[in-house]
Amino acid sequence: MSVAHDHDHGAHDAHHHEMSFIEKYIFPTDHKYIGKQYMFTGMFMALFGGFYAYVFRMQLAFPNMSVPFFGRVSPMEYNAAITQHGTVMIFWVAMPVLIAAFGNFLIPLLIGADDMAFPRLNRLSYQIFLVSAVVLIASWFVPGGAFGGAWTAYPPLSADARYSLTPMGSSMWLIAVALEFAAFLLGGINFIVTAMNGRAPGMKWNDVPMIVWMICIASILFMASVGPLVAGAIMLLFDQNLGTNFFDPRRGGDPILWQHLFWFFGHPEVYVVLLPATGMCAEVIPVFARKKLFAYDTVLYTTIGTGVLSFFVWAHHQFVAGIDPRMANVFTITTVLISIPIAEMVFLYIATLYGGSIRYTVPMLWALGFIFAFLIGGVTGIYLGASGADIYFHDTYFVVAHFHYTFFPIAFIGTFTGFTYWFPKMFGRMMNETLGKIHFFGTMISFNFIFLPLFATGLGGDHRRIYNYNNFPELATPDLQNLRILATVALLVLIAFQFIFIYNTFYSMFFGPISGTNPWKATTLEWTTPENPPGHGNWPPDNMPTVYRGPYEYSVPGREDDFWPQNQQS
Amino acid sequence: MNLFQPALSTFASDVDNLVMMITAIVGFWYLATNVMFFWLLWRYRAQEGVKALYVTGHEPELLRWITYPHYLIIFMDLFVIVGAIKVWYNVKQNLPEPQEVVRVVGQQWAWSFQHPGADGILDTADDIKTVDGLHVPVNKVVHAKLESRDVLHNFSIPVFRLKQDIVPGRVITAWFEATQAGVYDLQCAEMCGIGHGLMAGRIYVESDEDHLAWITANTPK
Amino acid sequence: MSAEATHDHGHDHGAGGGHHEHIHPPSHYVKIWGVLCVLLVVSVTGPMLGIKIITLITAFGIAFVKAGIVIKYFMHLDTEKPIIWYALITSVVFMVLFFAAVSPDVMKHEGTRWENVAAKAEVARGLAAGAEHGGGEHEPAPAAEVH
Amino acid sequence: MAAFRPIANTRSATGIPTAKLAVWWLLVSEIVIFGGVLASYLMHRLGHPEWANYAVHTQTAIGATNTLVLLSSSLTAVLAHQAAQTGDGKKAAKFLLATIAGACLFLCFKAYEWHGEIEEGFVPWTNGFWAFYYTAAGIHASHVIVGAIIMAFVAKDAYAGRDLHRVENVGLYWHFVDLVWIFLFPLLYIAK
């Protein structure tokens with residue numbers, strides 16, 4: 001250790017080193033390019049996830065009709081569509097975009113570093129992720145078809161091809177998910193270590209922007225919860241292909257074990273993607289309210305509290321799934337208690353608005369839209385966490401509507417918040433505000449019209465994962481069917497509005513007005529780079545930023561400017 | 001428009017009342033939060049010459065606005081927890097003495113039912129086996145022994161507010177007491193493969209005389 | 001030993017920037033290895049007595065002692081920053097939590113209103129077959145109905 | 001592998017070297033992976049008294065020998081670290097090679113052991129015990145293989161006097177592999 005002094009030269013050499021095209025764009029180690037790779041891969045996968053949603057919503061609204069661009073939907077294809085929709089949206093859209101893309105792009109910039117601590121590990125993480133996406137997409141085209149046993153993959157259905165009838169599809173699905181976990185474990189270690197060790201001189205723990213905390217805490221949650229499921233995935237893979245009997249009750253295994261392994265990860269996973277999305281709000285709201293984040297320390301404690309509590313609640317997904325009923329009481333208590341830190345966090349974000357000077361820009365609208373939509377997702381969770389009510393709601397569309405009121409704000413509204421806010425930093429140009437507002441209102445309104453009707457059908461008894469309700473007399477009523485059609489039509493509207501976003505993104509990327517380095521007049525370090533978008537290394541190596549104050553110093557009394565950048569000495 | 005399924009078991013209205021109570025509590029919070037939210041959005045919109053306040057949020061007189069509602073949330077959480085556990089205990093843990101025991105077997109993708117027959121005892125010669133139709137007497141405590149031949153299924157009767165997964169290799173006992181005669185849906189509510197959407201059954205809740213007549217007519221010779 | 005380990009020699013290691021560590025002579029590590037080998041012998045011979053409580057203490061109690069020695073003297077966790085301790089302990093605690101919450105369903109074969117008949121049959125079959133048949137091979141799994 | 005190091009890598013706000021911190025976090029994620037397997041095994045083992053009849057067929061002698069091999073390779077790993085601390089890269093490389101030799105020896109014993117058991121008809125799909133036996137030991141063995149490969153790269157650099165801090169980091173990983181075996185040994189072999 002005492003001889004490892006050569007790094008000083010290494011750091012300098014690299015800044016003089018000209019990069020080839022391949023090094024810069026195909027196999028980059030620069031955190032900003034890896035972040036963009038994750039971003040666009042995730043958005044590309046979202047197209048597939050959205051297409052699957054379109055297919056099965058059309059089938060539900062107009063049973064057995066031929067769906068345009070797809071054809072008639074068989075029960076097998078329907079099951080595959082819902083399974084792949086869930087898997088893709090969580091593992092290949094929410095995770096890569098919220099954690100990996102924003103984590104890669106933002107962490108070094110916001111802590112005043114030139115790159116991640118381990119750039120090549122970072123590149124390896126993206127490459128594994130890319131392979132996992134390829135394996136997943138390939139699994140849709142193998143003989144037997146794509147895996148259709150729901151994204152929870154409960155055995156014995158998932159463990160035995162004689163039950164699932166997708167011998168290759170289920171194994172490839174499992175391998176893709178396991179590879180994706182490996183990619184995010186590597187990425188997560190990188191994020192945590194970079195934020196712990198790589199901070200700019202002078203940056204104390206309470207000078208760290210909230211989004212960095214959120215992504216790191218999310219990475220720690222992921223790391224601490226995914227292990228049992230990695231082990232479980234290996235066991236399930238052996239069950240599928242070697243004929244072992246971990247989860248097969250005919251031969252001494254236990255299917256309940258998989259459910260626990262899955263949800264021990266699956267519930268913290270919700271918070272893994274939630275925290276970065278709330279972090280976006282914590283960054284964006286102070287900027288456009290021109291006001292300090294309300295009670296920084298308390299926001300941080302509620303985040304940590306949420307993270308820790310999220311490990312104690314997982315079995316509320318299994319209340320009626322065959323666990324011992326006595327355990328359900330414990331998990332009801334812990335589940336309802338998680339409302340305490342989460343409610344406090346939302347209150348604090350709302351309190352940040354008090355006394356502000358609020359500018360309704362597009363990123364601000366998205367951040368406020370997140371709070372509005374997530375509130376509905378949050379309060380409806382109480383119904384499902386309360387074991388007695390969950391007896392009726394379990395596996396109905398009420399659950400579907402509830403978790404879409406959390407996941408849609410997280411994965412899409414959160415992403416739009418961050419994407420529109422940091423777009424000038426990513427591409428050096430501004431997005432079109434008018435198109436942005438049309439996209440915002442179109443998306444928010446149609447989104448509510450998709451999922452509010454689904455709360456109603458859930459109350460009416462609609463079970464999930466049913467490809468045609470005509471087989472159930474109580475559910476084949478015109479009232480329920482009209483609500484299903486309403487939801488489907490709203491989905492089509494929602495999809496149509498996304499084309500505005502895609503157009504706005506690509507047009508602004510090349511032809512938008514030049515933004516300048518700090519268009520929002522924000523205080524955090526990413527807005528202080530000399531070049532915009534920042535060049536390799538972000539800052540000149542001999543002039544890295546030093547931090548003198550917290551990240552949210554807006555409207556400080558006695559100062560002419562209403563913002564006070566973190567790196568300004570006075 | 002009548003969306004909601006009628007409540008037709010002894011505990012169905014308990015579940016519904018719990019849902020109502022939760023609706024009252026979270027509805028209050030939802031409305032209160034939104035009123036505050038939109039009022040702040042309107043009141044503190046950017047205005048010419050008005051600078052934002054500079055507060056950290058740790059000032060006691062401001063933080064009060066967060067902590068007091070917060071204590072109230074903790075207090076109301078207790079109601080939700082107690083209410084949920086009471087209903088749960090009644091439906092899932094407590095097991096009243098059975099007046100009839102039936103066996104429910106799920107398999108891909110059909111139900112089969114074994115009724116105790118005239119002697120009221122399962123696994124005797126006069127058992128009645130049916131496919132996709134479960135016959136039970138009204139106003140009697142019925143135990144259902146849930147078994148599966150292959151994968152996970154779920155024994156769900158929405159009008160009874162009853163739902164229980166069926167796990168292969170296990171025998172799980174569910175109970176209900178129907179309060180009104182009629183024919184209702186019985187559904188599989190756990191993903192069980194390609195035919196999951198076809199796995200429908202019917203439950204025939206019959207008055208004592210009708211039930212007796214059905215037993216007499218169907219007892220195997 | 002611990003007094004020696006916490007003694008600060010103020011040796012600065014480049015990459016660490018202020019990370020202090022004491023360098024032990026090789027003989028120190030060989031001694032610890034000797035202790036570990038003795039513990040290994042105890043953990044193998046203890047169960048040969050055939051007394052259950054001694055088996056448990058020697059097999060698992062000593063495993064924890066050995067683990068503690070490796071963690072302290074080989075991995076030098078005793079001189080590491082507390083944050084590392086917290087992270088490692090937390091992950092272990094989560095696994096204990098996992099075990100505690102899952103074992104009522106998986107370890108136990110019956111509970112409130114449920115009974116794991118398949119597992120009970122498996123136990124009965126395995127015990128009846130006895131140690132002679134050793135492997136406890138299954139009969140070929142019954143083929144699932146083909147639909 | 002005189003790699004380019006970003007400035008972020010050379011900073012140390014926590015006082016823990018960056019690479020070492022990463023290894024500790026890696027170990028956290030490994031603890032939960034092995035924790036998942038071992039917790040699952042343990043709850044089945046305690047619920048299935050008949051597994052004692054199957055565990056009789058594991059060969060304690062080979063398990064104990066392999067424990068000795070891993071303990072000794074941990075010793076050479078820590079001696080390599082000690083040599084690296086004194087700045088002696090060549091000596092560190094030699095000790096690392098000895099550790100790799102230990103890893104290979106471990107794998108040879110493992111292969112011999114598994115070969116014999118498979119010959120006797122004990123395969124992963126025989127029953128639950130053997131499924132866990134092969135899976136848990138197999139995941140562990142894959143860590144042994146990965147550790148040996150990484151150590152080969154580190155030894156090559158250390159021999160040339162480069163990146164000596166990596167000797168300690170790979171050693172940490174190796175001690176963890178040893179730790180897992182310390183628990184696997186009584187769980188799979190001794191408890192009968």
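All figures in this text were calculated on a predicted structure; none of them were measured in a lab. Residue numbers start from 1 in every chain, and the chains themselves are labelled A, B, ... in the order their sequence lines are given, proteins ahead of strands.
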Pick from [options]: which one has the most heavy-atom pairs with chain D under 4.5 Å?
options	value
A:Ala224, A:Gly253, A:Gly188, A:Pro108	A:Ala224
A:Asp254, A:Ile220, A:Leu186	A:Ile220
A:Leu261, A:Leu257, A:Leu229	A:Leu257

Check whether more than 12 heavy atoms from other residues, nucleotides or ligands sit under 6.0 Å from atom NZ of D:Lys94, and answer yes or no. no
Enclosure of A:Tyr548 OH (heavy-atom neighbours >12, cutoff 6.0 Å): yes
Where on [X] is there a heavy atom nearer than 4.5 Å to chain D: the side chain, the backbone, both, or neither?
X	value
A:Leu242	both
A:Asp239	neither
A:Ile111	backbone

Closest heavy-atom contact between [X] and [Y]?
X	Y	value
D:Ala8	A:Asp114	N-OD1, 3.0 Å
D:His44	A:Phe246	NE2-O, 4.5 Å
A:Leu185	D:Ser29	CD2-CB, 3.9 Å

Given heavy-atom pairs under 4.5 angstrom as the criterion, report whether the side chain, backbone, both or neither of D:Phe34 touches chain A. neither
Roughly how far, to the nearest 0.5 Å, is the [atom2] atom of [Y] from the [atom1] atom of [X]?
X	Y	atom1	atom2	value
D:Thr135	A:Ile234	OG1	CD1	8.5 Å
D:Trp125	A:Arg251	CH2	CZ	10.5 Å
D:Thr18	A:Met116	OG1	CE	12.0 Å
D:Arg11	A:Met544	CZ	CE	5.0 Å
A:Asn245	D:Trp130	CG	CH2	13.5 Å
D:Ser40	A:Trp258	OG	CH2	11.0 Å

Paired with D:Leu21, the side chain to side chain contact (heavy atoms under 4.5 Å, CB included) test is passed by just one of A:Val193, A:Ile189, A:Ile192, namely A:Val193
Would you say the side-chain atoms of [X] pair up with the backbone N or O of [Y], donor to acceptor, closer than 3.5 Å?
X	Y	value
A:Asn197	D:Asn9	no
A:Asp115	D:Pro6	no
D:Arg5	A:Phe118	no

In terms of heavy-atom pairs under 4.5 Å with chain A, the winner among D:Ile31, D:Val123, D:Ile139, D:Thr14 is D:Thr14
Checked D:Gly36, D:Gly89, D:Ala13, D:Ala136 vs chain A; the most non-hydrogen pairs under 4.5 Å come from D:Ala13
D:Tyr134 and A:Phe238: CA distance, side-chain angles, deciding distance, ring pair (Phe, Tyr, Trp, His ring centres under 6.0 Å) verdict: CA-CA 11 Å; D:Tyr134 283 104; A:Phe238 286 172; 9.8 Å; no
Looking at side-chain heavy atoms only, is the closest gap between A:Pro228 and D:Val32 below 4.5 Å? yes
